Amino acid sequence: VGNIWQEGEYSISDDPARLDLGSIHEFLTNSYWAAGISFEVMKRSIENSLSLGVYAGARQVGFARVVTDYATFAYIGDVFILESHRGRGLSKKLMRAIMSHPRLQGLRRWHLSTRDAHGLYRQYGFTGLKTPDRHMEKWDPDIYRVAKTGARSLT
Ligand SMILES: CC(C)(COP(=O)(O)OP(=O)(O)OC[C@H]1O[C@@H](n2cnc3c(N)ncnc32)[C@H](O)[C@@H]1OP(=O)(O)O)[C@@H](O)C(=O)NCCC(=O)NCCS
């Protein structure tokens with residue numbers, strides 16, 4: 001656990017103690033994919049993932065987490081770089097840090113979902129589903145909103 005990469009003022013670390021949960025929540029709860037996520041749910045997701053922070057000096061400016069069994073499978077999610085630090089290759093450094101992480105080698109399957117950043121992930125070997133007919137999902141995009149109002153009927 002610790003620093004993975006450093007160049008000038010920027011660094012990437014997998015030390016969970018360094019993560020600025022407030023700023024991560026600020027970004028994620030306003031994102032298109034995790035809109036409305038509560039601080040508590042976000043914190044639990046981070047605690048149970050391999051979570052990486054991107055830092056400019058001491059300030060956190062980017063994030064990604066990997067949901068994994070460290071043996072066969074990994075899911076990459078919640079990837080972002082704060083707007084003021086975009087366009088400098090930081091997400092590519094972050095992806096390289098993930099894909100070369102010593103605890104994430106030899107996995108049979110990596111998975112992720114993205115609206116428009118396919119071109120980023122393609123650079124690290126990701127493709128569209130080769131056998132979409134074999135993949136299934138159970139997706140509930142409104143769950144954070146529903147959890148807040150408690151308005152959910154049992155079916
Ligand atoms: C996507 C994001 C993480 C890119 O971060 P960044 O540090 O500015 O990107 P980089 O400077 O490392 O460059 C990203 C590379 O991916 C490519 N790319 C493909 N799709 C992209 C997209 N939607 N946005 C940005 N870059 C994209 C770029 O062309 C670039 O490759 P190149 O240098 O070979 O041309 C950042 O724009 C972001 O946080 N966006 C909002 C959150 C988001 O959409 N996250 C992805 C959810 S899956």
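Ligands are counted one by one from 1 in listed order, and the atoms in each one are counted from 1 as well. None of the values given here were measured: they were computed from a predicted structure.
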**Prompt:** Counting only N and O atoms by type, is there a donor-acceptor contact under 3.5 Å from the side chain of Asp14 to the main-chain atoms of Gly2?
**Reply:** yes
**Message:** Tell me whether Thr68 contacts the main-chain N or O of Tyr70 through its side chain, where contact means a donor paired with an acceptor under 3.5 Å.
**Reply:** yes
Quick one, [X] and [Y] - any side-chain contact, counting heavy atoms below 4.5 Å?
{"X": "Met95", "Y": "Ile76", "answer": "yes"}
{"X": "His111", "Y": "Leu129", "answer": "yes"}
{"X": "Arg44", "Y": "Asn48", "answer": "yes"}
{"X": "His118", "Y": "Phe126", "answer": "no"}

**Message:** Please classify the Phe63 to ligand 1 contact at 4.0 Å (heavy-atom distances, strictly less than): side chain, backbone, both or neither.
**Reply:** neither
**Request:** Under 4.0 Å, heavy atoms only, figure out whether ligand 1 is touched by the backbone of Gln123, its side chain, both or neither.
**Result:** side chain
**Request:** Give, for atom OG of Ser91 and atom CD1 of Ile81, the distance between the pair rounded to the nearest 0.5 Å.
**Result:** 6.0 Å
**Asked** Quick one: NE2 on His101 to CG on Leu52, what's the gap to the nearest 0.5 Å?
**Response** 6.0 Å
Are any non-hydrogen protein atoms located under 4.0 Å from [atom]?
{"atom": "atom 35 (O) of ligand 1", "value": "no"}
{"atom": "atom 47 (C) of ligand 1", "value": "yes"}
{"atom": "atom 6 (P) of ligand 1", "value": "yes"}
{"atom": "atom 28 (C) of ligand 1", "value": "no"}
{"atom": "atom 24 (N) of ligand 1", "value": "no"}

**Heteroatom distance test (Asp116, ligand 1): nitrogen or oxygen, under 3.5 angstrom** = yes
**Message:** Phe27 versus ligand 1: do any nitrogen or oxygen atoms come within less than 3.5 Å of each other?
**Reply:** no
How far is [atom] from the closest protein heavy atom, and which atom is that?
{"atom": "atom 17 (C) of ligand 1", "value": "Leu120 N, 4.0 Å"}
{"atom": "atom 33 (O) of ligand 1", "value": "Lys92 NZ, 2.7 Å"}
{"atom": "atom 8 (O) of ligand 1", "value": "Gly87 N, 2.7 Å"}
{"atom": "atom 39 (O) of ligand 1", "value": "Ile81 N, 2.9 Å"}
{"atom": "atom 45 (N) of ligand 1", "value": "Val79 O, 2.9 Å"}
{"atom": "atom 43 (C) of ligand 1", "value": "Trp33 CZ3, 3.6 Å"}
{"atom": "atom 11 (O) of ligand 1", "value": "Gly89 N, 2.7 Å"}

**Asked** Is Arg88 close enough and on-axis enough to Tyr10, meaning under 6.0 Å and within 45°, for cation-pi?
**Response** no
**Message:** Quick test of your reading of the structure: of Arg115, Arg96, Arg86, whose heavy atom lies closest to atom 37 (O) of ligand 1?
**Reply:** Arg86
**Request:** Kindly identify the option in Ser91, Ser113, Ala117 whose heavy atom sits closest to atom 13 (O) of ligand 1.
**Result:** Ser91
**Asked** Are more than 12 heavy atoms from other residues, nucleotides or ligands located less than 6.0 Å from atom CD of Glu26?
**Response** no
**Prompt:** Are there more than 12 heavy atoms of other residues, nucleotides or ligands under 6.0 Å from atom CD of Glu83?
**Reply:** no
Which of the numbered atoms in ligand 1 are under 4.0 angstrom from any heavy atom belonging to [X]?
{"X": "Phe80", "result": "39 (O)"}
{"X": "Arg88", "result": "11 (O)"}
{"X": "Gly119", "result": "19 (C)"}

**Asked** For the residue pair Phe27 and Phe80, does the interplanar ring angle fall in the parallel (under 30°), tilted (30 to 60°) or perpendicular (over 60°) class?
**Response** parallel
**Request:** Using a strict 4.0 Å threshold on nitrogen-to-oxygen distance, state whether Lys43 and Glu47 make a salt bridge.
**Result:** yes
